[in-house]
Asks: 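A single structure is presented below for examination.
Residue numbers start at 1 and run along the sequence shown. Counting convention: from 1, in listed order, for ligands and their atoms alike.
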Amino acid sequence: MCGIVAGAFQDNVIPFLLYGLKQEEYRGYDACGIGFLEKKEIQIVKKIGRINSLVEKVQNLKGNIGIAHTRWATHGKNTENNAHPHMSMHRIFALVHNGTIYNYKEIRTSLMQKGYVFYSQTDTECLANLLEYEYALSGNILEAMQQMQQRVKGTYALCILNKEEERIYFMKKSAPLIIGIGKQGISLSSDIRALEQQDFSVDLDEEEYGYITKENYFIYNQNQRVTKKEKPIQKNRFQKKEISMDCYMKKEIFEIPYILENILKKYENGFSAEIINLFSQASKIVFIASGTSYHAALIGSQYFSIPTEIYFSSEFITEERKIHSDVLYVFLSQSGETMDVLKALEFVLSHKGITLGIANVENSTLLRKTQYSLQMHAEAEVAVASTKAYCAEVLLLYLLAKYDKISFCKENILLIIREIKEHLKNVESIENIAEQLKEKEHAYFLAKGKDYFLIQEASLKIKEVTYLHSETLYAGELKHGPIALIDEGFPVFLLGNKENNEALLSAREEVEARGAVTYFMTYDAKQDLGFLPLMTDFFLLAFYLAQKKGCDVDKPRNLAKSVTVE
Ligand code: M6R
């Protein structure tokens with residue numbers, strides 16, 4: 001989703017901003033823009049579409065103080081006017097924003113009544129004008145920002161240029177923002193990836209605000225200066241180095257066995273006493289997640305011997321929801337920044353629930369906010385379609401469920417990893433299926449019982465990267481309606497156990513009798529985690545089909561790597 005990078009540098013900051021935007025590209029975006037200071041004027045350049053087109057427009061420009069943004073359209077269409085940075089009406093401020101302003105209409109109306117003119121449909125533009133308005137009243141930017149903080153309802157990470165000063169102001173609430181410190185100067189970003197060229201980072205906490213200069217940074221909370229620990233920035237974490245591949249999705253699928261081996265090594269001697277206590281004392285575990293992480297929770301929760309419930313994070317908060325002190329609330333998220341997950345977490349925390357966060361991204365908001373946390377150790381996942389993180393999540397939940405007998409399970413896990421490696425060596429049949437699906441518009445995925453959780457993930461992956469419309473069905477439900485769509489050449493995937501799959505076989509007969517092309521995929525359900533090699537096949541299928549259809553595999557349309565809006 002939206003990405004922010006900003007810098008106050010001794011030299012030209014524009015190459016750094018462009019590098020940062022490129023690093024944030026994986027998050028998904030529709031437009032991008034840069035704003036910088038030039039002789040006490042703010043210059044802005046915006047482009048719809050890819051960063052490369054912005055590069056062409058700004059590569060010969062120079063400025064030491066600048067802000068930049070990738071916009072994933074929410075409020076208003078994908079137009080240059082709606083792209084960031086947004087300028088205040090009298091061109092005193094320009095700002096970039098991640099998050100959502102809930103009361104923007106009310107602020108906009110009241111500013112319009114004061115004579116302000118708006119040029120975009122965004123919620124963000126009201127912040128630029130509100131700041132200008134408050135600044136006109138107090139004559140002090142930090143004070144104006146505090147006023148703004150009180151007036152605005154919503155979430156934000158903001159970087160602000162003021163035409164008069166060689167500074168970048170910032171504010172943060174429920175959206176990530178990090179300060180970077182390096183020899184070239186001081187920077188800000190919503191994503192640590194953009195700060196890789198810097199040496200140290202400082203995480204900003206809720207409702208903090210302040211400014212950076214070329215030499216220093218100043219953080220405040222409720223008018224008090226705050227000092228924080230600087231952490232060294234790890235370099236080259238996100239390069240396609242381990243396995244050289246043409247795109248991240250493929251690389252990440254091929255990394256699955258190594259990731260699983262790593263996770264096993266990390267946790268083969270068990271979990272900390274603190275984590276074990278959590279699971280051994282809970283009367284029930286409630287899993288909360290979105291998308292692929294939700295699918296991983298559906299399947300991983302099956303291994304626990306105590307009762308479990310699984311919720312979409314976006315559906316968790318209801319008026320009737322009760323939070324219980326003997327229940328463990330487990331939040332599962334690759335990014336640790338999914339807004340729906342964080343909102344559900346806020347809800348549980350506000351009702352004094354016990355929370356455990358499991359995320360892949362170190363230092364993510366989820367891991368910082370839950371009382372207990374575990375890192376997934378799937379290494380950086382860059383492709384929008386989550387593949388290795390799914391496998392990592394499933395394995396981690398399995399290990400947590402078996403925390404007292406991991407040594408007994410180790411052999412089986414290693415066997416599964418070997419099987420995955422074998423599947424990755426034999427991709428030809430998967431490529432052939434992809435070839436057959438190239439011209440298709442729809443597909444069905446059928447399964448029975450718990451295998452339904454697996455086809456949900458397989459179908460999501462196909463949908464996301466290939467845009468093929470796919471639907472999941474319990475095999476027995478087919479004849480109660482959905483079979484009406486089956487005609488000559490309709491692709492139907494059937495997924496099930498190697499044995500006891502009569503119901504699937506008869507579903508196959510029913511659809512084949514009507515001309516469907518069927519793909520019967522089985523796994524050994526007697527082995528714990530025995531479905532993982534098969535899931536790897538589905539990930540590969542999604543990848544090859546996307547590639548054959550000429551889709552942007554790593555950055556599918558309309559999608560974002562971490563969904564940081566509700
Ligand atoms: O970072 P998270 O695991 O919280 O993300 C949740 C979903 O947005 C994510 O899994 C999404 O469904 C992926 N694009 C799936 O490939």
Asks: Could you work out, with side chain to side chain donor-acceptor pair (under 3.5 Å) as the rule, every residue matching Ser364, not counting sequence neighbours?
Replies: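 Result, side chain to side chain donor-acceptor pair (under 3.5 Å) vs Ser364: none returned.
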Asks: Answer with yes or no whether the side chains of Asp528 and Tyr398 bring together a donor and an acceptor at under 3.5 Å.
Replies: yes
Asks: Under 6.0 Å from the six-membered ring centre of Phe347 and within 45° of its axis: does the NZ or CZ of Arg321 meet both?
Replies: no
Asks: Which pairs of N or O atoms, one from ligand 1 and one from the protein, are separated by less than 3.5 Å, and what is the distance for each pair?
Replies:
unit_1: ligand 1; atom_1: 1 (O); unit_2: Ser333; atom_2: OG; d: 3.4
unit_1: ligand 1; atom_1: 1 (O); unit_2: Gln334; atom_2: N; d: 3.4
unit_1: ligand 1; atom_1: 1 (O); unit_2: Ser335; atom_2: N; d: 2.8
unit_1: ligand 1; atom_1: 1 (O); unit_2: Ser335; atom_2: OG; d: 2.6
unit_1: ligand 1; atom_1: 1 (O); unit_2: Thr338; atom_2: OG1; d: 3.4
unit_1: ligand 1; atom_1: 3 (O); unit_2: Ser293; atom_2: OG; d: 2.6
unit_1: ligand 1; atom_1: 3 (O); unit_2: Gln334; atom_2: N; d: 2.7
unit_1: ligand 1; atom_1: 4 (O); unit_2: Ser333; atom_2: OG; d: 2.6
unit_1: ligand 1; atom_1: 4 (O); unit_2: Thr338; atom_2: OG1; d: 2.5
unit_1: ligand 1; atom_1: 5 (O); unit_2: Thr338; atom_2: OG1; d: 3.4
unit_1: ligand 1; atom_1: 10 (O); unit_2: Thr292; atom_2: N; d: 3.0
unit_1: ligand 1; atom_1: 12 (O); unit_2: Thr292; atom_2: N; d: 3.4
unit_1: ligand 1; atom_1: 14 (N); unit_2: Val384; atom_2: O; d: 3.1
unit_1: ligand 1; atom_1: 14 (N); unit_2: Glu464; atom_2: OE2; d: 2.5
unit_1: ligand 1; atom_1: 16 (O); unit_2: Thr292; atom_2: OG1; d: 3.4
unit_1: ligand 1; atom_1: 16 (O); unit_2: Ser386; atom_2: N; d: 2.8
unit_1: ligand 1; atom_1: 16 (O); unit_2: Lys461; atom_2: NZ; d: 2.9
unit_1: ligand 1; atom_1: 16 (O); unit_2: Glu464; atom_2: OE1; d: 2.7
unit_1: ligand 1; atom_1: 16 (O); unit_2: Glu464; atom_2: OE2; d: 3.1

Asks: Report the residues that fulfil side-chain contact (heavy atoms from CB on, under 4.5 Å) with Ala447, sequence neighbours left out, ordered by chain and then residue number.
Replies: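 Counting only residues at least two positions away or on another chain, Ala447 forms a side-chain contact (heavy atoms from CB on, under 4.5 Å) with Asp451, Ile455.
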Asks: For a quick test of your reading: what N or O donor-acceptor pairs under 3.5 Å do the side chains of residues 531-546 make, sequence neighbours left out?
Replies:
unit_1: Thr536; atom_1: OG1; unit_2: Leu532; atom_2: O; d: 2.8
unit_1: Asp537; atom_1: OD1; unit_2: His423; atom_2: ND1; d: 3.0
unit_1: Asp537; atom_1: OD2; unit_2: His423; atom_2: ND1; d: 2.9

Asks: Would you please indicate if the ring centroids of Phe271 and Phe279 are separated by under 6.0 Å?
Replies: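 No, ring centres 6.0 Å or more apart.
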